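Report on one structure; see the data block that follows.
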Amino acid sequence: MIGFAAQCYQLVSKIPKGKISTYKEIGLTLNTKAYRSIGRIMAKNPHLIDVPCHRVVKTDGYIGGYALGMMKKIELLQDEGLIIKNNRIVNYKNYMFYFIAKH
DNA sequence: CCGGTGACTAGTC
DNA sequence: GGACTAGCCACCG
């Protein structure tokens, strides 16, 4: 059986390099409002390498948290070409990746 | 801007 | 196996 966590991991793993998504999007895609659950699952991420959860940020483009610390998360994102300022992704909307089509 | 509330899962006890 | 707790959030006042 595919658990909730597995679905999250699967979605996140589909985010292309240089792109980001939000916890909300994942929630919408999985048709749930369990935003916090998603965060908790990521925090316990047993697939830290396989699942690039550093590409998942808050709805406002703020970094949020990361198992290895926000600094590490920022590093990884910057390494993919994103610009981070004050813990926030500059022009994050340009990098947004939607799992489902939005108008 | 801060605090409280909501919704949901996986772990732990 | 039931109950409790924590969590990388979102939204509203």
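Below, chains carry the letters A, B, ... as their sequence lines are ordered, and counting in each starts from 1. Since the model is a prediction, treat every value here as computed from it, not as a measurement.
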If you check every side-chain atom of A/I41, which of B/dT9, C/dG7, C/dA10 has the closest atom?
B/dT9
Integer-rounded Å distance: C/dC9 P and A/Y66 OH:
15 Å
Between A/K17 and A/E80, is there a donor-acceptor pair closer than 3.5 Å when you use the side chain of the first and the backbone of the second?
no
Could you list all the side-chain hydrogen bond (donor to acceptor under 3.5 Å, both in side chains) pairs where at least one residue sits in residues 82-92 of chain A, not counting sequence neighbours?
none
In Å and rounded to the nearest 0.5 Å, what is the CD1 to OH distance from A/I41 to A/Y9?
6.0 Å
Could you tell me which residues satisfy side chain to side chain donor-acceptor pair (under 3.5 Å) with A/E75, sequence neighbours excluded, listed by chain and number?
none
Spacing of A/R36 atom CZ relative to C/dT5 atom P, expressed in whole Å
14 Å
When rounded to whole Å, the CD1 to C1' distance for the pair A/I26 and C/dA10 reads 13 Å
Is any side-chain heavy atom of A/L77 closer than 4.5 Å to one of A/H54?
yes
Is A/K24 near enough to C/dC11 that one of its side-chain N or O atoms lies under 4.0 angstrom from OP1 or OP2?
yes
Rounded to whole Å, how long is the line connecting atom CG of A/L28 with atom P of C/dC9?
16 Å
In whole angstroms, the gap separating P of C/dC11 from OH of A/Y62 amounts to 15 Å
Quick note, A/Y35 side chain, CB onward, closest among C/dA10, B/dA7, C/dG7 is C/dA10
Which nucleotides of DNA chain B pair, in dot-bracket form (Watson-Crick or G-U under 3.5 Å, | meaning another strand):
.|||||.||||||
In Å and rounded to the nearest 0.5 Å, what is the CD1 to CD1 distance from A/I89 to A/I20?
3.5 Å
Would you indicate what A/A5 reaches in the nucleic acid, counting non-hydrogen atoms under 4.0 angstrom: base, sugar-phosphate, or nothing?
sugar-phosphate
Just how far, in rounded Å, is P of C/dC9 from CD1 of A/I63?
12 Å
Comparing A/T22 and A/I38 on DNA chain C - which has the more 5′ nearest nucleotide:
A/I38
Heavy atoms under 4.0 Å, any strand shown: does A/K44 hit a base, just sugar-phosphate, or nothing?
nothing
Between A/K19 (side chain only) and A/R55 (backbone N and O only), is there a donor and an acceptor less than 3.5 Å apart?
no
